[in-house]
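This structure is a prediction, so every number in the text was calculated from the model and none was measured. Chain letters run A, B, ... following the sequence lines, proteins first, then strands; residues in each count from 1.
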There are 2 protein chains.
Amino acid sequence: MTQTPNKPISHAPAQGQQNQPAIPPDGPEISDLLCFAIYSANHALTRLYRPLLAPLGLTYPQYLVLISLRHNPGQTIKALGQQLDLETNTLTPLLKRMEEAELLRRVPNPQDDRSRLLELTETGAERAAKAGEITACIVEGMGGDLEELLDLRDRVNALRSRMGAT
Amino acid sequence: MTQTPNKPISHAPAQGQQNQPAIPPDGPEISDLLCFAIYSANHALTRLYRPLLAPLGLTYPQYLVLISLRHNPGQTIKALGQQLDLETNTLTPLLKRMEEAELLRRVPNPQDDRSRLLELTETGAERAAKAGEITACIVEGMGGDLEELLDLRDRVNALRSRMGAT
DNA sequence: CCACTTTATGTCGTGCACGATATAAATATG
DNA sequence: CATATTTATATCGTGCACGACATAAAGTGG
């Protein structure tokens with residue numbers, strides 16, 4: 001475990017004592033930044049998922065859509081967007097690609113002519129089931145014990161909600 | 001703090017007792033997934049950075065490049081890629097845009113004709129200094145106390161290294 | 001019922017990420 | 001030294017993200 005714990009995260013000057021900078025003089029290093037850790041962990045996760053999702057013809061965001069629709073059939077695009085914290089400018093093209101791949105349908109909403117409901121096709125449902133199974137492999141790939149991973153998830157989610165995410 | 005701690009992260013069947021699934025029957029929910037927490041936290045962070053970086057004419061990856069070059073002047077593209085865990089197919093266009101914006105130069109490496117060294121222009125150095133300062137605002141925006149954030153960073157980095165990231 | 005506003009979705013342009021592939025220079029090997 | 005391999009960078013195509021903008025259908029207030 002190569003890890004140098006608790007280096008400063010920013011170089012905000014210490015309020016009281018000016019002459020003893022506990023913080024690097026010319027700004028933070030990449031390795032100091034929590035935002036970089038998250039940014040880069042996200043890339044690493046994508047790399048972990050890709051070889052497992054590629055055989056299913058799925059990208060990572062598409063995997064998330066399948067997971068979500070499996071638990072919320074007939075969801076609107078807006079509701080999906082709220083769950084994934086994505087806008088329609090991201091979702092519309094993504095969903096179109098998935099519809100073209102016969103994974104889902106965007107059917108009119110009888111309650112509201114502006115809206116569409118999302119339902120998995122049979123293929124989509126099968127794919128969603130397989131996709132759900134690979135999660136275990138990912139947990140494997142992430143290493144560490146389960147307690148740690150669950151705790152980390154909760155802390156990251158706490159950070160998300162402090163940042164005003166949905 | 002809306003938070004339901006320690007729901008299961010995957011639905012790997014409990015080894016011993018088949019008849020009492022401690023894990024949801026039809027796969028994980030979005031909110032169960034550590035990978036989604038990280039994926040989404042990354043988006044939230046980008047949203048936090050954007051209004052601060054836009055006035056400097058920077059994107060988030062460009063901000064990272066400036067931070068890195070500030071501490072490692074004359075770095076090669078490869079070295080930068082190792083630090084940011086990015087390939088040249090990402091970096092080359094990004095660096096070209098930054099060169100066009102007069103933030104840096106890609107000068108020939110006298111040691112190796114294949115390679116190029118990266119140096120900040122004067123504008124780039126000024127921008128890097130300003131960029132370093134906004135980190136404090138981000139820490140502000142992330143909320144929570146500093147201890148928590150530093151600990152979180154170290155845990156995320158530990159996860160990164162378990163996933164085989166640089 | 002008629003503007004006015006809000007809401008659900010879509011379109012467009014830009015900038016990442018990244019797999020696949022290309023190219024030229026450095027290095028290794030016979 | 002000639003060939004083979006490796007290495008540093010670049011190119012191309014696809015799929016996100018997302019700001020800015022467009023459109024049509026609800027809703028809302030006179």
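- By the side-chain contact (heavy atoms from CB on, under 4.5 Å) test, A:Leu91 is found to be paired with A:Ile77, A:Leu80, A:Leu86, A:Leu95, residues two or more places apart in sequence or in another chain being considered.
- A:Arg50 meets the side chain to side chain donor-acceptor pair (under 3.5 Å) test with no other residue; sequence neighbours excluded.
- Applying the side chain to side chain donor-acceptor pair (under 3.5 Å) rule to A:Glu126 yields no partners; only residues at least two apart in sequence or on another chain are considered.
- Scanning for side-chain contact (heavy atoms from CB on, under 4.5 Å) contacts around B:Glu102 gives an empty result, with sequence neighbours left out.
- Taking for each of B:Ala79 and A:Arg114 the nucleotide of DNA chain D with the nearest heavy atom, the 5'-most of the two is the partner of B:Ala79.
- In summary, contact between chain B and DNA chain D, defined as any nucleotide atom under 4.0 Å from a heavy atom of the protein, begins and ends at D:dT7 to D:dG19 in the 5' to 3' direction.
- The side chain to side chain donor-acceptor pair (under 3.5 Å) search around B:Arg106 returns B:Glu99, not counting sequence neighbours.
- If you check residues 89-99 of chain A against DNA chain D, the residues with a heavy atom closer than 4.0 Å are A:Asn89, A:Thr90, A:Leu94, A:Arg97, listed by number.
- Residue pairs meeting the salt bridge (charged side-chain N to carboxylate O under 4.0 Å, His left out) criterion with at least one member in residues 54-63 of chain A: none, sequence neighbours excluded.
- Of the charged side-chain nitrogens involved, at least one lies within less than 4.0 Å of a carboxylate oxygen, so that A:Arg155 and B:Glu148 count as a salt-bridged pair.
- Atom C1' of nucleotide C:dG10 and atom CG of A:Asp113 are separated by 16 Å, given to the nearest angstrom.
- When each of A:Lys78 and B:Pro61 is assigned the nucleotide of DNA chain C bearing its nearest heavy atom, the one mapping closer to the 5' terminus is A:Lys78.
- Not counting sequence neighbours, the partners of B:Ala101 by the side-chain contact (heavy atoms from CB on, under 4.5 Å) test are B:Leu103.
- Between the B:Thr92 side chain and the B:Thr88 main chain, a donor and an acceptor come within less than 3.5 Å of each other.
- Taking atom NE2 on A:His43 and atom C1' on C:dC18, their separation rounds to 10 Å, with Å as the unit.
- Atom CG in A:Leu86 sits about 15 Å away from atom C1' in C:dT9, given to the nearest Å.
- Here salt bridge (charged side-chain N to carboxylate O under 4.0 Å, His left out) pairs that include residues 113-124 of chain B, with residues two or more places apart or in two chains, are B:Arg105-B:Glu119, B:Asp112-B:Arg114.
- At a threshold of 4.0 angstrom between heavy atoms, the contacts of A:Ser115 are confined to the sugar-phosphate backbone, with no base atom among them.
- Every side-chain contact (heavy atoms from CB on, under 4.5 Å) that A:Leu52 has, sequence neighbours left out, goes to A:Ile134, A:Cys137, A:Ile138.
- Against DNA chain D, the stretch residues 44-59 of chain A makes heavy-atom approaches under 4.0 Å through A:Thr59.
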